[in-house]
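Sequence lines set the chain letters: A, B, ... in the order given, protein chains first and strands last, and positions in each chain run from 1.
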There are 2 protein chains.
Amino acid sequence: MATILIVDDEQDIRELIAMNLQREAYDVLEAADGLEAVAIAKKELPDLILLDLMLPEKDGYGVFQDLKANKKTQPIAIIMLTARGKLDERIMGLSLGADDYVCKPFSPKELMLRIKNVLSRVQTHPAGAITQNGDFKLDKNELKFYLCGEEIDLTITEFKLLVVLIESADTVQERGDLLRRIWGYNDMIQTRTLDTHIKRLREKLGSHGNRIETLRSVGYQFNSSDSSN
Amino acid sequence: MATILIVDDEQDIRELIAMNLQREAYDVLEAADGLEAVAIAKKELPDLILLDLMLPEKDGYGVFQDLKANKKTQPIAIIMLTARGKLDERIMGLSLGADDYVCKPFSPKELMLRIKNVLSRVQTHPAGAITQNGDFKLDKNELKFYLCGEEIDLTITEFKLLVVLIESADTVQERGDLLRRIWGYNDMIQTRTLDTHIKRLREKLGSHGNRIETLRSVGYQFNSSDSSN
DNA sequence: GAGACTTGTCACAAATGTGTCACATTAAAT
DNA sequence: ATTTAATGTGACACATTTGTGACAAGTCTC
């Protein structure tokens, strides 16, 4: 669904938020200080960052500016968290480009609502949401997939799965990662859901179904070039 | 790039918005009341107007009507800024030509996204008040819709819904977007209103009703070519 | 004020998507 | 070659989403 990075030095807070997010099927990352936050953000490119302003090592504003200065991390949505709730600070955060601002102490419910709100705005129109590769075209704005010019009807789950596979084409996606990213299963629950969906995807891809390769005991991988030729 | 006129009586708000716009390289104009707004709009012909509805001298509705009545200013895109809460009837009636709504209080980032969205839409879809496509004709001035030459009676809500669907024909319109653009619901409120109106529209479109396609758990889409043949 | 519209909500029906299971098949390990 | 574990596959039940008709509140017209 969406990946969210929680940046806060208090572990209790992180866990509280993480629990709530996971229950709503988000993929959760955590960072305890500013430097770690920037490092993880650059590596994982989450969809949204919950950023506490009071941080050791590098404070929230510094993190913010770093992220906005970097082309890769620049489009990531950011919700500011802070203990202080002054108006000028709010304006400061927002005018810096933050997507929203939540004051501590906050109710998890409120935070969830803000998160959903921000994601629904940001997520649907990311630039460069179209992946093309000769045979196929994946349009994340339109939520459509074309194979050899023809549109292929996919359900939401199938689409999400295909997005993940194609966006890291030629790279193994581990079962656990897929389950976490698409279904939000955090523990490696014993489930055959993934297999079933892979099967359905292959079916819909027809003759190109074999592009989804099985890496036994590891996961699946989408091959950008058709190896069967 | 693009010129944007901000119409709001509160200077703080204007400045906050202006700052954000300038950072993204837009040309910014400002007006503090309705009369000034109309004057500047006519003279400068901005690409987009951010229009607060509560204004001294001449309120937002008046400004809106003036602008839409004037041939020169008529094609300017308009984003309404409204107080949170239910949209009253006047808005419903007039909102037909507005390109989007944003409810106060809003975050600048959100506003920026909406602005980009509207501008890109307007550019790709030169805002002709009449849309034709063989079978059907949509007249936004007269608020009339013709199907195969025959006029079809639509209520204002149905008409607005159809406008949005047809103007982005062959494109999925997500439930949330539709609810926001037609009803002004900012949060993805749980409601069946949309479904009901879709049903009514399909009914009135008769044999062409199936052109409104359901994309399960995503939204609806109007198909410009009749796929049932 | 009566009557015709319009519109949002509700309850229920229909349609569709999704996860699990049992069993078949395949690949790896010994 | 045999065993073992992982994956493929079709069927099925359940959950979710959408379609639909009815209704009540609110508007508008006359």
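Taking atom CD1 of A:Ile156 as the reference point, atom C1' of C:dG19 lies 17 Å away to the nearest angstrom. One interatomic measurement links the two molecules: CG of A:Leu161 to P of C:dG19, which rounds to 11 Å at whole-angstrom precision. Computed from coordinates, the B:Glu213 CD to D:dG19 C1' distance equals 16 Å when rounded to whole Å. The interatomic distance linking B:Leu215 (CG) with D:dT17 (C1') rounds to 13 Å, in whole Å. In this entry the distance linking CD1 of A:Ile198 with P of D:dG8 reads 8 Å, nearest Å. Atom P of nucleotide C:dT6 and atom CG of B:Leu143 are separated by 13 Å, given to the nearest angstrom. Atom CG in B:Asp153 sits about 16 Å away from atom C1' in C:dT7, given to the nearest Å. What separates CZ of B:Arg202 from P of D:dT18 is a distance of 11 Å, to the nearest Å.
For B:Asp66, the salt bridge (charged side-chain N to carboxylate O under 4.0 Å, His left out) partners are B:Lys58, not counting sequence neighbours. Partners of A:Glu15 under the side-chain hydrogen bond (donor to acceptor under 3.5 Å, both in side chains) rule, at least two apart in sequence or in another chain, are A:Gln11. Annotation: ring-ring contact (aromatic ring centres under 6.0 Å, His included) contacts of B:Phe136 (sequence neighbours excluded): B:Phe222.
Remark: the A:Gln221 side chain and the A:Thr171 side chain contain no N/O donor-acceptor pair separated by less than 3.5 Å.
Ion pairing between A:Arg211 and A:Asp135 holds under the 4.0 Å rule for side-chain N and carboxylate O. Under a 4.0 Å N-O distance rule, the pair A:Lys140/A:Glu167 qualifies as a salt bridge. Comment: B:Arg200 does not engage B:Asp195 in a salt bridge, judged by the lack of any side-chain N to carboxylate O separation of less than 4.0 angstrom.
For B:Tyr220 and D:dG19, the shortest distance from a side-chain N or O to OP1 or OP2 is below 4.0 Å. Remark: A:Arg175 is in phosphate contact with D:dT7, judged by side-chain N or O atoms under 4.0 Å from OP1 or OP2. Taking 4.0 angstrom as the limit, A:Trp183 places none of its side-chain polar atoms (N or O) nearer than this to OP1 or OP2 of C:dT18. For B:Lys199 and D:dG21, the shortest distance from a side-chain N or O to OP1 or OP2 is below 4.0 Å.
No donor-acceptor pair under 3.5 Å is formed between the side chain of B:Asp139 and the backbone N or O of B:Lys144.
The end-to-end axis angle of the helix from C:dG1-D:dC30 to C:dT30-D:dA1, rounded to 10 degrees and based on five pairs per end, is 30°.
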## Note on the structure
Protein-proximity profile, nucleotides 9-16 of chain C, B/S/- by nucleotide at the 4.0 Å heavy-atom cutoff, equals BBB---BB
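Heavy-atom nearest nucleotides on DNA chain D were determined for B:Gly219 and for B:Glu203, and the one closer to the 5' end corresponds to B:Gly219. Heavy-atom nearest nucleotides on DNA chain C were determined for B:Ser217 and for B:Glu158, and the one closer to the 5' end corresponds to B:Glu158.
Residue pairs meeting the salt bridge (Lys or Arg N to Asp or Glu O under 4.0 Å) criterion with at least one partner in residues 201-210 of chain B, sequence neighbours excluded, are B:Glu158-B:Lys204, B:Lys199-B:Glu203.
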